[in-house]
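Atom set for the values below is all heavy atoms of this structure, side chains included, hydrogens, waters and symmetry mates excluded. Just so it is clear: chains get the letters A, B, ... in the order the sequence lines come, proteins before strands, and each one is counted from 1.
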Amino acid sequence: MKRIAIVLLVALLIAALPIAALAEADKPFAGTEIKVYNWEDYIDREVLNIFEEETGCHVNYVTFSQNEDMYTKLSTGAESYDVVIPSEYMIQRLIKEDLVEELDLANIPNLENVLDNLRDPIYDPGNAHSVPYMWGTLGIVYNTDMVSEPVTSWTAMLEKQNGKIFMMDSMRDTVAIGLIMNGYSLNSDNADELEAAREWLLNQKDSNVVDGYILDQAKDMMAGNEAAMAVMYSGDALYAMEKNESLAYVIPDEGSNVWVDGMCIPKTTQNKAAAECFINFMCRPDIAQMNMDYIYYSSPIKQVVENLSEEELASTAMNPTDDMLARCAYYVDISSFENANLYDDIWMDVLM
Amino acid sequence: MKRSWYATPYALWMLLFAVVPLLFVCWYAFTTPEGAFTLSNFQEFAKPRYIGVVLRSLKLALYCTILCLVIGYPTAWFLAGRGFNHAQSLVVLILLPMWMNLLLRTYAMMTLLDDNGVLNAALEALGLGKVHVIGTEGAVLMGLVYNYLPFMVLPIYTVLKKMDYSVIEAAEDLGCNPVRVMTRVVIPMSVPGIVSGVTMVFMPAVTSFAISTLLSNGKLRLAGDLIDYIFNQSSSPNRWNIGSSFSLLMLVLILISIGFLRKVDPDNEGGGMW
């Protein structure tokens, strides 16, 4: 009996060998590679390993810190990427300039998982070119120990506080605040309105209230009690708040920006099928959950939203109310605006 | 084979990665995005904000050079001294920070100078109270000096080391006091080293970037940051043209400064760098 068992076992093993080998070869994209170009600090790297494990496709992962940087790299065409994850206004521009492929949605069935209100967006009708990855808002993070009043308005950024105040090293987000404070749309193409925004921002700069224009350092500075107030994206705000209980996040009453970062496939892609497989993979609930838990931004995946805890549901940064969202707007692509150069000009005046 | 042929790899390298790119820069600087000749790219820089950035860069580079000289010369003099046996190991120590990437060094500097950083913790422990450095011009200056000091010490050290000590002894025998030995003999003889050091500090300092942005929290940007911004982030369709013209202007500025220094050291004895 024992011998039979051993023989059977050996036979099974021998039979299993080619099956295992087959399984390896069965991985749909074995031996291929995709290059993913994403924001800094914007993924749980573990999911890349899982993707490689499941598909056999190697992920070459590179990062950028601003949409504009990403655009420069992409538009010169010097390097080829397979998946890029820019914001909505940049997606609009990439579509307009024919730099991204039309997606074969049949390869991305998990698009079904995306929240209805983020499907078929105005910047990309029918999700023909992009699938939402994360979304969020722009607001102010403040330290309740250093700032007395609860902050409700952008004007708080004009007053000296008991600590440092940081604006953002980002053209669109900074000019937007100048426009909003003058009561104008954050997508203005009117020279007078933009001049008013310039004046507001330069006033703020010259009054020496602002301690700097920074991006990724802000969350650590807020978390480490090194600053009183900073303009920040909602996910970075949550990250800082997780580490420091005295912090609060507000979407100011005057209004702000709501944004969506979407996954697109540039025209330079060498491996479109694998890229679509990657986008589909990123929309899988378990993967989206991993990413959200890691980077603290709001996932657009239904199953993840249904799983939010009480605390997360109550958080302005994770789950803004409809009221708050009603006063926020998407950015639109300004590259074809008559006064597009003014945005640049204002920003240079602020920076230099 | 003629001896000059041995330099062929270097010549090819320079041709490919210095001369050809420079020609590209010149081409872009004098053309529109469509390729037509124009001088309008240069007009852009008559704007006050650009002049302000250039003046700030020149000012900080000048301060940096002076500080490096004031700190570096005595150091080099000490190292080159006859009675000092550990010069070699100390020179290695001076070079040590340069084994690390410039950006890493600057990030370390941020942590050191931060309001709640190492420097302030030390000052507090000594009961001296805090100083606010990060985000100021002083922080940028400290970053520049820290990064470029070795370039000042080394050429001066080399010249002083080669100096004939009997000259100093002769000066002493003939009645010079130590101060006059320094001002009348040592310093004049080390001018080539000073010129070389000043050039090697001033040039990279005036075009430096990233150091200024990081240490000033993005408030004080220098010419290098401006060029970086124009090329990488500007949404202007002729950003390459404007960026190139500005690069060219900076190049001319540097050439002029070197021209001045050449007048001081016409024989180019400072290690033959330029």
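Within a 6.0 Å radius of OH in B/Y10, no more than 12 heavy atoms belonging to other residues, nucleotides or ligands are found.
The pair A/D349-B/K47 fails the salt-bridge criterion, with no side-chain N (NZ, NE, NH1 or NH2) lying under 4.0 Å from an Asp/Glu carboxylate O. Between A/K164 and B/D115 there is a salt bridge, since at least one side-chain N of the basic residue sits less than 4.0 Å from a carboxylate O of the acidic one.
B/K219 is not listed as a side-chain neighbour of A/V210, based on a closest heavy-atom distance of 4.5 Å or more. Looking only at side-chain heavy atoms (C-beta outward), A/M348 and B/L226 come within less than 4.5 Å of each other. Within the 4.5 Å cutoff, the side chain of A/Q66 has heavy atoms near those of the B/Q233 side chain. A 4.5 Å side-chain heavy-atom check between B/R49 and A/D345 finds at least one atom pair inside the cut-off. Between B/N232 and A/Y71, the closest side-chain pair of non-hydrogen atoms is not below 4.5 Å.
A donor and an acceptor atom, one from each side chain of B/S234 and A/D344, are located under 3.5 Å apart.
Looking at B/N116, the atoms closer than 4.5 Å to chain A (heavy atoms on both sides) all sit in the side chain, from C-beta outward. Only the backbone of B/F231 comes within contact range of chain A, with at least one heavy atom under 4.5 Å from a heavy atom of that chain. At a 4.5 Å heavy-atom cutoff, B/L220 makes no contact with chain A through either its backbone or its side chain.
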Residues A/D169, B/R221; criterion salt bridge (Lys or Arg N to Asp or Glu O under 4.0 Å); working and verdict: CA-CA 12 Å; A/D169 183 4; B/R221 310 218 175 202; 3.5 Å; yes

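Between chain B and the residues A/N341, A/I214, A/D211, the most heavy-atom pairs under 4.5 angstrom are made by A/D211.
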